[in-house]
Asks: 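After the structure tokens below, expect a handful of questions from me.
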Amino acid sequence: MKIKCIGTGSSGNCYILEENKQLVILDVGIRMADIKKGIGFRIADIITVFIGHGHKDHCKSESKFINMGADVFAPYHSENLMQVHKNKGWYFKSFSLPHGDCSNAGTYIMSPEGHKMIYASDFQRIDYKFSKLGINTFLIECNHDDEFDKEENEGHWEHSVRDHSSISTVCEFLRINKTDEMRTVILCHTSENNLNVDDAVCRVREVVGDKVQVYVARKWMEIQI
């Protein structure tokens, strides 16, 4: 499987999974033109589009995918955030993520080849354990340092801190869910101003060990996993 980042962070989030020429899109918070460019204009190869919640940096192009008849899995539109979705051998099971007063979901994904991953973004915490599933890849938000200062960031502290994950939250989640099957951790939706990414990577590596590759998502980055 290959993972490609087309956009990450508050300016817009969009990640592409590719396996055997099939494409799955995780969030569409950027312009449709950039998404098309990012997938090489392979619209016919899109299997499913997952959208976690209704903030524009995650759902900006949702209506365009719906209008084109794409298979859009957006559980945040329902009162039930825990849903199962299947399409052409891909399996998704969504789960709720606390994000202020916004309905928000992450998802477990199993590909036709059996690759297992978790995608979770924009959350205060994750209330579920996945260790029994043997997850291979975690694409997970790591937004800010634990020392993020409330007084220096007055005006957006509530949203930034209460509604997004800190490095300690991510490390504890990975510690609980670490298994021998874990191979890759990708930190996404990182804050340019409020997270020391080098320190975050070091702290995650201390938790997951040397056998796990740790990355920070950057625009246009591709990872073969």
Side-chain angles (χ1 to χ4, degrees), residues 1-6 13-30 32 35-36 38-55 58-99 102-123 126-141 173 177 179 181-186 188 217 222-225:
M1 180 187 288
K2 180 171 69 177
I3 298 179
K4 184 174 184 179
C5 173
I6 304 180
N13 297 271
C14 185
Y15 311 93
I16 309 299
L17 311 181
E18 180 173 359
E19 183 180 272
N20 296 331
K21 299 183 179 180
Q22 293 181 326
L23 303 176
V24 166
I25 303 178
L26 305 176
D27 282 334
V28 290
I30 60 176
M32 188 64 164
I35 299 174
K36 288 180 178 179
I39 64 174
F41 302 94
R42 295 164 48 199
I43 300 297
D45 293 334
I46 298 172
I47 302 302
T48 295
V49 178
F50 169 81
I51 302 172
H53 66 283
H55 289 163
H58 292 262
C59 73
K60 183 174 184 176
S61 295
E62 178 178 1
S63 62
K64 291 181 176 160
F65 279 97
I66 293 173
N67 291 339
M68 73 166 58
D71 179 60
V72 175
F73 177 38
Y76 78 93
H77 288 301
S78 169
E79 292 184 2
N80 178 21
L81 289 170
M82 300 185 69
Q83 300 180 28
V84 170
H85 186 84
K86 302 177 183 179
N87 193 22
K88 297 184 179 179
W90 291 81
Y91 176 92
F92 304 82
K93 187 171 184 179
S94 60
F95 51 90
S96 62
L97 292 173
H99 186 48
C102 176
S103 179
N104 183 35
T107 189
Y108 162 77
I109 305 165
M110 185 166 67
S111 76
E113 295 291 329
H115 192 95
K116 301 176 182 179
M117 71 176 291
I118 293 292
Y119 174 55
S121 185
D122 292 47
F123 58 89
I126 300 178
D127 294 325
Y128 306 96
K129 294 182 180 180
F130 303 95
S131 53
K132 292 183 179 180
L133 298 176
I135 305 299
N136 309 122
T137 299
F138 291 84
L139 176 56
I140 184 169
E141 177 197 56
F173 172 75
N177 289 282
T179 65
E181 290 78 20
M182 183 187 288
R183 293 291 178 267
T184 310
V185 173
I186 305 170
C188 64
E222 294 186 15
I223 302 170
Q224 190 72 42
I225 57 175

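Side chains are part of it too, since the values below use all heavy atoms of this structure and drop only hydrogens, waters and symmetry mates.
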Asks: Verify side-chain contact (heavy atoms from CB on, under 4.5 Å) between Ile30 and Lys60, making sure each step is shown before the conclusion.
Replies: CA-CA 6 Å; Ile30 60 176; Lys60 183 174 184 176; 5.7 Å; no

Asks: So, do Ile225 and Met117 sit near enough that their side-chain heavy atoms are less than 4.5 Å apart?
Replies: no

Asks: What pairs with Lys4 under salt bridge (charged side-chain N to carboxylate O under 4.0 Å, His left out), at least two apart in sequence or on another chain?
Replies: Glu222

Asks: Could you point out which residue of Tyr108, Tyr119, Phe173 forms a ring-ring contact (aromatic ring centres under 6.0 Å, His included) with Phe138?
Replies: Phe173

Asks: Could you tell me whether Phe130 and Phe95 have their ring centroids closer than 6.0 angstrom?
Replies: yes

Asks: For a quick test of reading the model, state the closest non-hydrogen atom pair linking Ser121 to His58 and the distance between them.
Replies: OG-CE1, 3.5 Å

Asks: OG1 of Thr107 to CG of Leu97: how many Å apart, nearest 0.5 Å?
Replies: 10.0 Å

Asks: Go through Asp71 and His85 one step at a time and tell me if the side-chain contact (heavy atoms from CB on, under 4.5 Å) criterion holds.
Replies: CA-CA 10 Å; Asp71 179 60; His85 186 84; 2.7 Å; yes

Asks: Report yes if the side chains of Trp90 and Leu17 come closer than 4.5 Å at any heavy-atom pair, otherwise no.
Replies: yes

Asks: Please identify each residue that fulfils salt bridge (charged side-chain N to carboxylate O under 4.0 Å, His left out) with Glu19, with sequence neighbours left out.
Replies: none

Asks: Quick one about His115 and Thr137 (side-chain donor to acceptor, distance below 3.5 Å, no hydrogens or angles considered), yes or no?
Replies: yes

Asks: Might you work through the side-chain contact (heavy atoms from CB on, under 4.5 Å) test for Asp45 and Ile39, ending with a clear yes or no?
Replies: CA-CA 9 Å; Asp45 293 334; Ile39 64 174; over 6 Å; no

Asks: Do Ser111 and Glu113 have side-chain N/O donor and acceptor atoms under 3.5 Å apart?
Replies: no

Asks: Give, for atom NZ of Lys93 and atom OH of Tyr128, the distance between the pair rounded to the nearest 0.5 Å.
Replies: 10.0 Å

Asks: Looking at residues at least two apart in the chain, or sitting in another chain, which of them share a side chain to side chain contact (heavy atoms under 4.5 Å, CB included) with Lys86?
Replies: Val84, Tyr91

Asks: What I'd like to find out is whether the side chain of Leu133 reaches to under 4.5 Å of the side chain of Ile118, using heavy atoms alone.
Replies: no

Asks: Might you point out which heavy atoms bring Cys14 and Ile16 nearest each other, and give the distance in Å?
Replies: SG-CD1, 4.2 Å

Asks: Among side-chain atoms of Asn104 and His55, is any donor-acceptor pair under 3.5 angstrom?
Replies: no

Asks: To the nearest 0.5 Å, tell me how far Ser61 OG sits from Lys36 NZ.
Replies: 9.5 Å

Asks: So which heavy atom on Gln83 is nearest to which on Asn80, and how close?
Replies: NE2-O, 2.7 Å

Asks: Is there a side-chain contact between Phe65 and Met32 in this structure, where contact means two heavy atoms from C-beta onward sitting under 4.5 Å apart?
Replies: yes

Asks: Which distance, rounded to the nearest 0.5 Å, do you find between the NE2 of His53 and the OG of Ser103?
Replies: 10.0 Å

Asks: At their closest point, which heavy atom of Ile25 faces which heavy atom of Val28, and how far apart are they?
Replies: CG2-CG1, 3.7 Å

Asks: Measure the OH-OG distance between Tyr76 and Ser94 for me, rounded to the nearest 0.5 Å.
Replies: 13.0 Å

Asks: Pro75 and Ala105: which non-hydrogen atoms are nearest, and at how many Å?
Replies: CG-CB, 3.9 Å

Asks: For a quick test of reading the model, state the closest non-hydrogen atom pair linking Val72 to Glu62 and the distance between them.
Replies: CG1-OE2, 4.4 Å

Asks: Is Val24 close to Phe92 at the side-chain level, that is, under 4.5 Å between some pair of heavy atoms?
Replies: yes

Asks: Counting C-beta onward and ignoring hydrogens, is there a side-chain heavy-atom pair between Lys88 and Gln22 closer than 4.5 Å?
Replies: yes

Asks: Hey, does the side chain of Gln224 reach the backbone of Met1 with a donor-acceptor pair shorter than 3.5 angstrom?
Replies: yes

Asks: How about Asn177 and Ile135: do any of their side-chain heavy atoms sit closer than 4.5 Å?
Replies: no

Asks: Let's go through Ile186 and Tyr15 carefully: what are the C-alpha distance in whole Å and the side-chain angles of both, what is the deciding distance for side-chain contact (heavy atoms from CB on, under 4.5 Å) to 0.1 Å, and is it a yes or a no?
Replies: CA-CA 11 Å; Ile186 305 170; Tyr15 311 93; over 6 Å; no

Asks: Please round to the nearest 0.5 Å and tell me the distance separating atom CG of Asn13 and atom CG of Leu139.
Replies: 9.5 Å

